[in-house]
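The structure under discussion appears below in the form of structure tokens.
Whatever order the structure lists them in is the order used to number ligands and atoms, beginning at 1. Positions are given from 1 along the sequence.
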Amino acid sequence: MKTSADGSARRTIWATGDGAVEIIDQTRLPHEYATKRLASVEDVAEAIAVMRVRGAPLIGATAAYGMAIAADVDPSDAALALARQILFATRPTAVNLGWALARVADVLASLPLERRAEAAWTEAEAIAAEDIALNGAIGDHGLALIKAAQKARPGETVNVLTHCNAGWLATVGWGTATAPIYKAHAAGIPIHVWVDETRPRNQGASLTAWELAEAGVPHTLIADNAGGHLMQHGRVDLCIVGTDRTAANGDVCNKIGTYLKALAAHDNGVPFYVALPSPTLDLSLQSGRDVPIEERAGTEVTEITGRTADGRIESVCVTTPSTAAANPAFDVTPARLVTGLVTERGVIEPERLREVFGSRA
Ligand SMILES: CSC[C@H]1O[C@H](OP(=O)(O)O)[C@H](O)[C@@H]1O
């Protein structure tokens with residue numbers, strides 16, 4: 001599957017027209033491109049929980065479609081409340097999940113039963129379309145940052161480091177952190193991406209590397225622990241990462257390891273940017289202290305999955321059978337370590353979030 005010429009990708013989720021949606025099953029990438037039909041709330045909940053779809057914006061959009069699928073079956077208040085509860089319980093950290101569910105539920109609550117299913121599909125489609133537009137705008141504002149880095153070193157390649165996958169696979173289209181990268185590549189700017197492998201689920205190695213290879217963007221996979229060394233040796237011009245929930249003061253919750261990257265960037269004077277679409281902003285949280293951090297299964301740390309030489313996909317244990325593992329899936333980067341938030345309304349300092357988005361209009 002190829003991305004389009006300008007780097008914006010085809011969508012990661014689409015309505016089938018017969019009461020279901022189809023997704024790219026990201027647990028099969030990069031070894032296999034497979035799609036999967038989700039025809040029930042349970043299908044949608046499973047896809048989010050086991051990360052067939054992941055990434056804050058895509059989790060939100062998928063959950064919104066889940067409400068539409070539920071409304072098709074039974075549009076009653078009780079049935080929709082149950083569907084919302086099932087979907088909300090899938091993953092705790094990405095604020096987009098609760099935001100999308102509340103948005104669809106609010107629209108349906110004021111409608112007669114017979115109009116709810118169609119309205120739910122319309123709202124889910126709107127959330128998906130808005131996501132693509134927001135990410136495109138983030139791409140435009142982030143492009144200016146890459147151009148500024150290029151201007152500082154004329155004629156040289158701009159080296160961007162990113163963590164996890166905040167690419168089009170994490171959204172409905174474009175991606176957040178990768179949108180500026182795709183736009184720079186399409187504009188002919190010489191760019192190279194250091195791709196953190198992002199243990200333990202390896203979203204960087206499995207998803208970001210796959211995306212960039214598909215788009216023809218030069219990139220190099222690195223161990224998570226290599227980023228600080230590269231920054232110490234002047235090989236990173238800027239970092240751009242995604243977020244799953246950003247608090248009102250600009251504290252950024254993102255994939256585990258982001259905080260360590262931000263510390264290294266701060267220590268080496270490397271600009272550290274966070275791509276933040278407004279649905280991922282949680283103005284109800286004054287700081288990142290109270291962001292719910294998902295704890296995932298220890299087997300994601302003790303085992304690694306890959307393709308054997310003869311093409312089989314297998315998981316192998318990388319430690320002793322008796323060794324326990326802890327697996328916090330996210331961490332919080334304090335706003336003081338964030339150079340700027342790349343939003344659809346521009347690149348803003350963390351302390352201006354309330355001023356710019358307070359009304360959220
Ligand atoms: C554009 S949001 C991407 C964000 O989501 C990822 O987490 P997960 O793969 O567990 O859903 C990671 O934190 C990315 O930065």
[X] side chain to [Y] main-chain N or O, any donor-acceptor pair under 3.5 Å?
X	Y	result
Lys261	Asp224	yes
Glu344	Ser278	yes
Thr27	Asp25	no
Arg116	Leu111	yes
Asn135	Gly173	yes

When you look for heavy atoms under 4.0 Å from ligand 1, do you find them on the side chain of [X], its backbone, both, or neither?
X	value
Thr243	backbone
Gln203	side chain
Glu294	neither
Ala177	neither
Arg91	side chain

Between side-chain atoms of residues 262-272 and protein atoms elsewhere (two or more places apart, or another chain), which donor-acceptor pairs fall under 3.5 Å?
| unit_1 | atom_1 | unit_2 | atom_2 | d |
| --- | --- | --- | --- | --- |
| Asn268 | ND2 | Ala264 | O | 2.7 |

Does this structure show an ion pair linking Arg103 with Glu130, if we count only N-O contacts that are shorter than 4.0 Å?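 Answer for the salt bridge query: yes.
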Which ligand 1 atoms does [X] reach within 4.0 Å, using its non-hydrogen atoms?
X	answer
Ala170	1 (C), 3 (C)
Phe330	7 (O), 10 (O), 13 (O)
Met51	9 (O), 10 (O)

For the side chain to side chain contact (heavy atoms under 4.5 Å, CB included) test, which of Thr280, Thr243, Val342 pairs with Val274? Thr243
Which protein non-hydrogen atom lies closest to [atom], naming both residue and atom, and how far is it?
atom	answer
atom 3 (C) of ligand 1	Asn165 O, 3.5 Å
atom 12 (C) of ligand 1	Cys164 SG, 3.4 Å
atom 1 (C) of ligand 1	Thr176 OG1, 3.3 Å
atom 15 (O) of ligand 1	Asn254 OD1, 2.6 Å
atom 13 (O) of ligand 1	Asp244 OD1, 2.5 Å
atom 11 (O) of ligand 1	Gly55 N, 2.9 Å

If we only consider heavy atoms of Ala329, is any one of them less than 4.0 Å away from an atom in ligand 1? no
Angle between ring planes, His229 versus His233, binned at 30° and 60°: parallel, tilted or perpendicular?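 Ring orientation of His229 relative to His233: tilted.
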Would you check whether Thr171 has a nitrogen or oxygen atom less than 3.5 angstrom from a nitrogen or oxygen atom of ligand 1?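 So ligand 1 has no N or O lying under 3.5 Å from an N or O of Thr171.
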Other hydrophobic cluster members with Ile304, side-chain heavy atoms of Ile/Leu/Val/Met/Phe/Trp/Tyr under 4.5 Å, chained? Val316, Val318
